[in-house]
Amino acid sequence: MAQGLTCIRVPLDTPLDLEATLFSGQDFRWDREGDGYVGWLGDAPVLLQRAPSGLVALTSLPEGEAHARLRRFLRLDDDLDAIRTALAGDGVLARCMASWPGLRLVRLEPWPALAFFLCSQHAPIPRITRMLNALAQALGEPVVFLGRERWRFPTPTAIAGAGPERLAALRLGYRAEYLWRTACLLAQGRAHLDVLASLPTEEARRRLLALPGVGEKVADCVLLLGFGRTDAFPVDRWVRRALVEWYGLPPPYTERRLRAWAQERWGSLAGYAQLYLFHHRRTVHLLQ
DNA sequence: ATTTACCCTACATT
DNA sequence: AAATGTAGGGTAA
């Protein structure tokens, strides 16, 4: 084992499909390396590998911290069996979940989540990944892990300091201006993400919507993935298609109307429902 | 409440 | 072969 690294083992009693989980548009900062995956637990690089009975993780974090962050990232304290059972009463969701038994919801840190989904608008996953990698390499702090240099995701201050032109040069397009302005507000202390954690979802949502470049879809992604609000239900074109095609909802329904329908139906598990609907609808499309 | 323009990329079609 | 068209995890005017 490499020097100074901690290896932890996490037994799992529920399925875990790392490939689906890490590349399904929830997080964008993972690389396949050998039969494992290198990504991030907050600011710490980590190597994740499946083992017969669970998961093996290699990091420079102390053991306790590594366990805590991994549990948080993969939401291992959620009772996935209970969640799946509750949702499987819905035949459509039952099929989605059966197709992707190891797909899990992840949990990100608030600031990267906000930056990720600001950049995600109107872009396919490979492009989002490129934009975020470019941002990290240009403005993030370098870390050597497993013999390679990697870059932490840049802070709001680093992005604010770069200026909109430099961000645009990273091929962010019109998102450059949004990301820069939002980073400036946070860096100057004129907006705060940490306080949102203690607010009800609707109030937190209102505050996110006040940030430049944050509309309903992005706000809901930040709530779901960055703040762990499983009652949030992001409606993008894939989810819209799923609701129209599989539940017969009228195509002209507004995003707000679709969201209200889903939250009424699935309540605090709406975010889980969204994950399975989104991923299944999208992968069905990719197979065609 | 609806429509439109916005930056950029990948891929299909002509 | 180069040009044109289209769709893509949306937001703000």
Side-chain angles (χ1 to χ4, degrees), chain A residues 20-30 96 100 103 105-108 112-135 138 159 162-185 191 205-227 229-230 232-246 250-260 262 270-288:
Chain A
T21 300
L22 300 177
F23 299 98
S24 53
Q26 303 183 253
D27 197 355
F28 302 90
R29 299 262 291 141
W30 290 84
C96 296
W100 296 97
L103 175 63
L105 186 64
V106 305
R107 174 139 189 196
L108 310 174
L114 174 57
F116 289 5
F117 292 101
L118 260 176
C119 291
S120 80
Q121 53 192 77
H122 209 45
I125 291 173
R127 182 168 179 211
I128 301 166
T129 305
R130 266 194 307 281
M131 287 189 276
L132 297 174
N133 283 339
L135 267 173
I159 288 179
E165 302 82 4
R166 188 123 181 257
L167 299 181
L170 301 173
R171 301 171 180 269
L172 267 63
Y174 63 88
R175 302 158 197 83
E177 192 77 23
Y178 293 155
L179 183 64
W180 178 70
R181 287 171 56 202
T182 288
C184 285
L185 288 174
R205 191 171 192 272
R206 272 191 288 279
R207 302 220 189 167
L208 287 169
L209 286 171
L211 297 170
V214 178
E216 308 211 322
K217 155 66 168 66
V218 170
D220 288 329
C221 286
V222 175
L223 288 170
L224 178 59
L225 296 157
F227 288 95
R229 302 298 173 92
T230 58
F233 189 85
V235 178
D236 59 33
R237 60 189 73 208
W238 297 110
V239 169
R240 169 178 285 278
R241 281 172 193 170
L243 295 179
V244 168
E245 294 171 14
W246 298 341
Y253 261 23
T254 60
E255 184 184 324
R256 171 178 282 103
R257 195 86 194 271
L258 295 173
R259 193 175 69 247
Y272 267 98
Q274 190 269 0
L275 173 70
Y276 293 110
L277 288 173
F278 168 77
H279 194 248
H280 193 236
R281 183 60 188 80
R282 182 169 169 273
T283 50
V284 165
H285 175 80
L286 292 175
L287 289 175
Q288 281 167 1

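Because the structure is a prediction, the values reported are computed rather than measured. Residue numbers begin at 1 in each chain, while the letters A, B, ... track the order of the sequences.
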**Request:** Please state how far atom CE in A/Met131 lies from atom P in B/dA10, giving the value in whole angstrom units.
**Result:** 11 Å
**Item:** Base B/dC7 paired with A/Arg171 side chain (donor-acceptor, <3.5 Å)
**Value:** no
**Prompt:** Of the candidate nucleotides C/dG8, C/dT11, B/dT2, which contains the atom at the shortest distance from the side chain of A/Thr254?
**Reply:** B/dT2
**Request:** Check whether any side-chain N or O of A/Arg241 sits under 4.0 Å from OP1 or OP2 of C/dG8, and answer yes or no.
**Result:** yes
**Request:** Identify whether any heavy atom of A/Glu255 sits under 4.0 Å from a base atom; if not, whether one sits that close to sugar-phosphate; answer base, sugar-phosphate or nothing.
**Result:** nothing
**Prompt:** Just checking A/Val218: base, sugar-phosphate only, or nothing, at a heavy-atom cut-off of under 4.0 Å?
**Reply:** sugar-phosphate
**Message:** Between the base of C/dG10 and the side chain of A/Tyr178, is one N or O donor paired with an acceptor at under 3.5 angstrom?
**Reply:** no
**Message:** Regarding A/Pro234, tell me which of base, sugar-phosphate or nothing describes its non-hydrogen contacts under 4.0 Å with the strands shown.
**Reply:** nothing
**Nearest-angstrom distance, P atom, B/dT9 to C/dA1** = 24 Å
**Prompt:** What's the shortest heavy-atom distance between A/Leu179 and A/Cys119, and which atoms?
**Reply:** CD2-SG, 4.2 Å
**Asked** Looking only at N and O atoms, is any donor in the side chain of A/Arg175 or the base of B/dC8 less than 3.5 Å from an acceptor on the other one?
**Response** no
**Message:** Can you give me the closest heavy-atom contact between A/Gln121 and A/Gly213, atom names plus distance?
**Reply:** OE1-O, 3.2 Å
**Asked** Cation-pi between A/Arg175 and A/Tyr178: NZ/CZ under 6.0 Å from ring centre and within 45° of the ring axis?
**Response** no
**Asked** How far does the P atom of B/dA5 sit from the matching atom of C/dG5, given to the nearest Å?
**Response** 16 Å
**Asked** C/dG10 phosphate, OP1 or OP2: any side-chain N/O from A/Arg237 under 4.0 angstrom?
**Response** yes
**Asked** Going through the distances and angles, do A/Glu255 and A/Arg240 end up as a salt bridge (charged side-chain N to carboxylate O under 4.0 Å, His left out)?
**Response** CA-CA 8 Å; A/Glu255 184 184 324; A/Arg240 169 178 285 278; over 6 Å; no
**Message:** Which nucleotide wins on minimum distance to the side chain of A/Arg130, given the candidates B/dA10, C/dT11, B/dT2?
**Reply:** B/dA10
